[in-house]
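All heavy atoms count here, side chains included; hydrogens, waters and symmetry mates do not. In this text the structure is predicted, and so the values were computed from the model without any measurement.
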Amino acid sequence: MSLLQIDHLNVTFRTPHGAFAAVRDISLSLDPGETLCVVGESGSGKSTVLNALMGIIARNGIVEAESLLFEGRQLRGLPERELERIRGDRIGMIFQNPQGALNPVRRIGSLIAETLRKHRGLTGPEARREAVRLLEWVGLPEPEKRLDQYAHELSGGMSQRVVIALALACRPALLLADEPTTALDVTVQAQILDLLDRLKTETGMALLLVTHDLGVVAEIADKVLVMRHGAAEEFGPVAQVLRAPRSAYTRELLSLMPSLEDGSPAAPVRLEAVS
């Protein structure tokens, strides 16, 4: 049985100018330990799929689906209190802006301790020791010192590692990552993606990663969903989609990837990483 199974997901927003279909008839599946990348241009509905799964769609949004199954449990229609128990416990999420995801008036240690208290029942010195361990695990230097700092005292890469530690505090079965490297420089982007891939291997969790970078998809994905204008262009094993794309849109995206030889756009693209 799949860890995650989404069938015929639709998300519509009510606006003063009428209804806007942000996501249309999206279906996907993800098994334990797999990485699924959702790729597409800005505004294609990638983040909305994750938000619908987490139950954090804006109030003017309407979510409809044949099924939203996680660990065999139907998430569609669950009361908010039950969704809260699943969020942060069995499903973790990393948002696009790490600085925006951290409360600016609370110390890092307080934020992590709150998650540990809420989901794991840890308090006091026990919670602090676990917070240090989590920050060490995600490669943050001087973790004891970081617990007493605020978000504005950390670099973008450090803040993202804190957000990842928060998302993994309860060892979730599924980690959702919404373009987690958008605001970071190229070197730090590579470090964060390597970190996520390593942590996935160590914990056995599944990773659902939203990105606009097909290079990232080729490097770490097992499956890929290509989205455009809220709909699915293609979904399947990454080698199949990237080596023999059925959609003209996917072929266009691949043609824009730089050649590994001279840095210029070229097609077909070398995809040894997905073999």
Side-chain angles (χ1 to χ4, degrees), residues 42-43 46-61 80-81 83-172 174-196 199 207-212:
S42 297
K46 305 185 302 295
S47 298
T48 303
V49 172
L50 268 61
N51 292 341
L53 177 60
M54 289 291 280
I56 53 175
I57 291 292
R59 291 189 178 186
N60 66 327
E80 179 63 23
R81 181 171 295 182
L83 277 175
E84 283 185 357
R85 282 198 288 266
I86 295 172
R87 289 194 297 251
D89 184 4
R90 300 302 296 155
I91 303 177
M93 186 161 182
I94 304 169
F95 295 92
Q96 285 190 31
N97 180 5
Q99 294 285 350
L102 299 173
N103 190 323
V105 298
R106 294 182 59 184
R107 298 181 193 274
I108 300 303
S110 171
L111 295 172
I112 299 176
E114 180 181 28
T115 296
L116 295 172
R117 181 175 62 254
K118 181 177 181 179
H119 293 285
R120 294 176 56 181
L122 303 183
T123 58
E126 188 179 20
R128 187 174 179 88
R129 285 194 297 271
E130 179 63 8
V132 170
R133 190 193 68 79
L134 284 166
L135 294 184
E136 286 177 339
W137 192 36
V138 299
L140 195 65
E142 301 180 281
E144 186 85 35
K145 173 184 176 181
R146 306 305 173 196
L147 292 182
D148 297 317
Q149 292 183 314
Y150 295 93
H152 71 268
E153 298 179 273
L154 305 179
S155 68
M158 288 180 176
S159 295
Q160 192 62 288
R161 289 175 188 271
V162 171
V163 171
I164 293 170
L166 282 165
L168 297 179
C170 300
R171 298 293 182 96
L174 172 62
L175 180 64
L176 310 180
D178 188 0
E179 300 203 53
T181 62
T182 297
L184 306 176
D185 65 51
V186 174
T187 301
V188 179
Q189 284 183 25
Q191 292 173 354
I192 294 299
L193 290 170
D194 286 345
L195 171 64
L196 290 175
L199 295 176
L207 175 63
L208 203 169
L209 173 69
V210 166
T211 182
H212 61 272

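Ion pair E136/R146 not flagged as a salt bridge, since none of the NZ, NE, NH1 or NH2 atoms sits closer than 4.0 Å to an Asp/Glu carboxylate oxygen. A salt bridge links R128 to E144: one of the charged nitrogens lies within less than 4.0 Å of a carboxylate oxygen. We find that E130 and R133 are joined by a salt bridge, their nearest charged nitrogen and carboxylate oxygen being less than 4.0 Å apart.
Annotation for S159 and A151: closest pair OG-O, 3.9 Å, computed over non-hydrogen atoms. Residues I112 and A131 approach most closely at CG2-CB, 3.6 Å, considering heavy atoms. Considering all non-hydrogen atoms of both residues, G92 and P172 come closest at N-CB, 3.6 Å. Across all their heavy atoms, D148 and R107 have their closest contact at O-NH1, 2.7 Å. Residues W137 and L199 approach most closely at CE2-CD2, 3.5 Å, considering heavy atoms. Here the closest heavy-atom approach between residue A101 and residue V163 is recorded as CB-CG2, 4.2 Å.
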Trace of the side chain to side chain contact (heavy atoms under 4.5 Å, CB included) decision for L209 with L193: CA-CA 10 Å; L209 173 69; L193 290 170; 4.2 Å; yes
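Side chains of K46 and E179 form a contact here, defined as non-hydrogen atoms less than 4.5 Å apart. Side-chain contact between R106 and Y150 is absent, with no heavy-atom pair separated by less than 4.5 Å. Side-chain contact between R161 and L135 is absent, with no heavy atoms from C-beta onward closer than 4.5 Å. For the pair V188 and Q160, the minimum side-chain heavy-atom distance is 4.5 Å or more. Between L154 and I108 there is a side-chain heavy-atom pair separated by less than 4.5 Å.
Note: I91 CD1 to C170 SG = 12.5 Å, rounded to the nearest 0.5 Å. Put simply, CZ on R120 and CG on D89 are 10.0 Å apart, with the number rounded to the nearest 0.5 Å. Of the inter-residue distances, the one linking T48 atom OG1 with L53 atom CG reads 12.5 Å to the nearest 0.5 angstrom. Here the CE atom belonging to M93 is positioned 9.5 Å from the CG atom belonging to L208, to the nearest 0.5 angstrom. Between atom OG1 of residue T181 and atom CG of residue L195 there is a gap of 12.0 Å, rounded to the nearest 0.5 Å. Distance CD1/I164 to CG/L134: 12.0 Å, rounded to 0.5 Å.
With I94 as the fixed residue, the side-chain contact (heavy atoms from CB on, under 4.5 Å) test singles out one of L196, L50, L166, L207: L196.
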